[in-house]
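What follows is one structure encoded as structure tokens, with my remarks underneath.
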Number of protein chains: 2
Amino acid sequence: MRILSRKLLGIARARAETLRLLCRMKKAQIVARTKGSVGADTKTAIYAAAKKLIEAKGFEAMTLRQLAAEVGVQPGSVYRYVESKDELLQALMNLHMISLIENWEKLEGKGNDPVSRLKAFVAFHIRYHIERRADVVIANLELRSLGEEYRADVVTKRSQYEANLRNILSDGVKAEVFPNVDLEVTAYAIIAMLTGVCFWYRPDGRLSIDEIIEVHQKLVLQGVVG
Amino acid sequence: MRILSRKLLGIARARAETLRLLCRMKKAQIVARTKGSVGADTKTAIYAAAKKLIEAKGFEAMTLRQLAAEVGVQPGSVYRYVESKDELLQALMNLHMISLIENWEKLEGKGNDPVSRLKAFVAFHIRYHIERRADVVIANLELRSLGEEYRADVVTKRSQYEANLRNILSDGVKAEVFPNVDLEVTAYAIIAMLTGVCFWYRPDGRLSIDEIIEVHQKLVLQGVVG
DNA sequence: CTATTAATCAAACGAACGTTCGTTTAATTA
DNA sequence: TAATTAAACGAACGTTCGTTTGATTAATAG
């Protein structure tokens, strides 16, 4: 057996040498930096591919080899743009939370009374979540995979976003348009219900996004107004 | 650097040799079948530990070595009770769905009018989901990790359970107690909102389970009754 | 035109993964 | 008590993982 393995080792070595020679021959044709490659584009492609793969398989199940293949690059090349797999997830989640908060702030204050503000929130949340399904799925399912050092930051940002809804409800209670609502629980309930949409929504479904929004606006408003 | 790594390799080899000797010495004391070991108990322990670990870290992130350590057994021993890691997840999800459906069927039909049936469903769903958080978290977050051959089965069972709510809503519409509700969307919305509870509920929180149920019953009923 | 920087590749690393296997001991049966 | 079955162990298997490295080419700046 020991002789056999030595023989095999020899064969393997010879084969490796042959492959190396073949590589050297090909090197004149295809190698290293590719024509037209631009770093910024590659980084964008990496982030997009990561979103797609994590949404489909989950963060832990996605390998950097799959990610690299999706981008059309070698596994090692990803590390020019990403510190580590963990840091990549952190970046995706943080960018999403920041974008979510900013986009709502752009709309906020358009209406004055609590009822129209609540309707606006429902519409915004559903539309934004359907349009960025991958971001949302990642942000909601992969918190566990996020390193402890990053998690608190994302959780804080999420709470910050949810505070917008709590403020609307609170103003409604003060103005006596929403009687007897428990701010905390109601906010959780509404958000869960709205976020849930992007887990069953299908573009070719029976209802349009606007119709889905209307159904939810009615449910929410009747729920809190009574 | 090459010299350093050779040095480390040498140290590692020496240490491995020492450990091997220690193992051989211990063999006279601790080995093989342990006293008082019962197969059924071990299987129960494996399922319980798997639930705990998957809930905390996710299915892909849990390793069989962690699972074995949690049970207090060697990694290979797990395979006496489990066909594969995938089959373990499938078993956990299927058992949960079956139990969920059965437990609701035991309660169903206690009330007659759609309103009291809807209230009963809200109460049951929240209480059951809080009490079996691990099961619920797994069933809701790990569908992606489930092999395609098993997934359809779990999805069917889930839809079967959700049909209970759709039937209640449908009866309410026929009896003209719930005017103008979209059966499909409303059912999704209610379930998402109720399931959401077990992602924020804390036993030492401000409200008791009963109080949380009351808040949701009110929200849901006002939402569908108008 | 030359030197420098940006971008990528091929190859390898050790570690950890799920899983298999032959052996060994505890409990049960005949 | 002897033979059989149940339960677990320890060690290893081949594979794949995230990551690092040094060489190599494309684009850009001087």
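Residue numbers start from 1 in every chain, and the chains themselves are labelled A, B, ... in the order their sequence lines are given, proteins ahead of strands. All values below come from the heavy atoms of this structure, side chains included, with hydrogens, waters and symmetry mates left out.
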Exercise for review: Provide, to the nearest angstrom, the distance between the CZ atom belonging to A:R65 and the P atom belonging to C:dC9.
Suggested key: 14 Å
Check your understanding: Listed in order of residue number, which residues of residues 55-64 of chain A have a non-hydrogen atom at under 4.0 Å from DNA chain D?
Key -> A:M62, A:T63, A:L64
Enumerate, atom names and distances included, each donor-acceptor pair closer than 3.5 Å involving a side-chain atom of residues 162-169 of chain A, sequence neighbours excluded.
from, atom 1, to, atom 2, distance (Å)
A:N164, ND2, A:Y161, O, 3.1
A:R166, NH2, A:S159, O, 3.4
A:N167, ND2, A:A163, O, 3.3

Review point. Choosing from C:dG18, D:dC9, D:dG18, which nucleotide comes nearest the side chain of B:V73?
Key: D:dC9
**Study point:** d(CG, B:D41; P, D:dA7) in whole Å
**Key:** 10 Å
Review point. Which pairs count as side-chain hydrogen bond (donor to acceptor under 3.5 Å, both in side chains) when at least one residue sits in residues 88-101 of chain B, sequence neighbours excluded?
Key: B:N94-B:D153, B:N94-B:K157, B:S99-B:N103, B:S99-B:Y128, B:S99-B:R132
**Study point:** Those residues that, when tested against A:K85, pass salt bridge (charged side-chain N to carboxylate O under 4.0 Å, His left out) (two or more places apart)
**Key:** none
Check your understanding: Over how many whole Å does the gap from A:L67 atom CG to D:dT19 atom P extend?
Key -> 12 Å
Point to revise | d(OH, A:Y81; P, D:dT19) in whole Å | key: 17 Å
Study note, to complete from the structure: Contacts of A:E70 meeting salt bridge (charged side-chain N to carboxylate O under 4.0 Å, His left out) (sequence neighbours excluded), chain-then-number -> A:K52
Check your understanding: Going by distance alone, is a donor N or O of one side chain under 3.5 Å from an acceptor N or O of the other, for B:Q74 and B:S77?
Key -> no
Review point. Under the salt bridge (charged side-chain N to carboxylate O under 4.0 Å, His left out) test, which residues partner A:R127, sequence neighbours left out?
Key: A:D210
Practice item. Ignoring hydrogens and angles, state whether a donor on the side chain of A:S145 or A:E142 is under 3.5 Å from an acceptor on the partner side chain. Key: yes
Revision key, fill the gap. Per nearest nucleotide of DNA chain C, the residue lying toward the 5' end, A:G76 or B:E83, is A:G76
Exercise for review: Quickly work out the B:Q66 CD to C:dC17 C1' distance and round it to whole Å.
Suggested key: 11 Å
**Study point:** Length of the line joining A:D86:CG and D:dT19:C1', which is rounded to integer Å
**Key:** 12 Å
Review point. Can you check the B:Q74 CD to D:dA6 P distance for me, whole Å?
Key: 22 Å
**Study point:** A:S77 or A:R80, whichever maps to the more 5' nucleotide of DNA chain D
**Key:** A:S77
**Study point:** A:I46 CD1 to D:dT19 C1', straight-line distance once rounded to whole Å
**Key:** 14 Å
Check your understanding: Counting any heavy atom closer than 4.0 Å, what does A:V78 reach on the DNA or RNA strands: base, sugar-phosphate only, or nothing?
Key -> nothing
For nucleotides 27-30 of chain C, list the nitrogen or oxygen atoms of the protein found under 3.5 Å from its nitrogen or oxygen atoms, one pair per line.
from, atom 1, to, atom 2, distance (Å)
C:dA27, OP1, B:G36, N, 2.9

**Study point:** Side chain of A:T42 - closest among C:dT8, D:dA7, C:dT20
**Key:** C:dT8
Revision key, fill the gap. The salt bridge (charged side-chain N to carboxylate O under 4.0 Å, His left out) partners of A:R151 (sequence neighbours excluded) come to none
Review point. Going by the salt bridge (charged side-chain N to carboxylate O under 4.0 Å, His left out) test, which pairs reach into residues 88-97 of chain A, not counting sequence neighbours?
Key: none
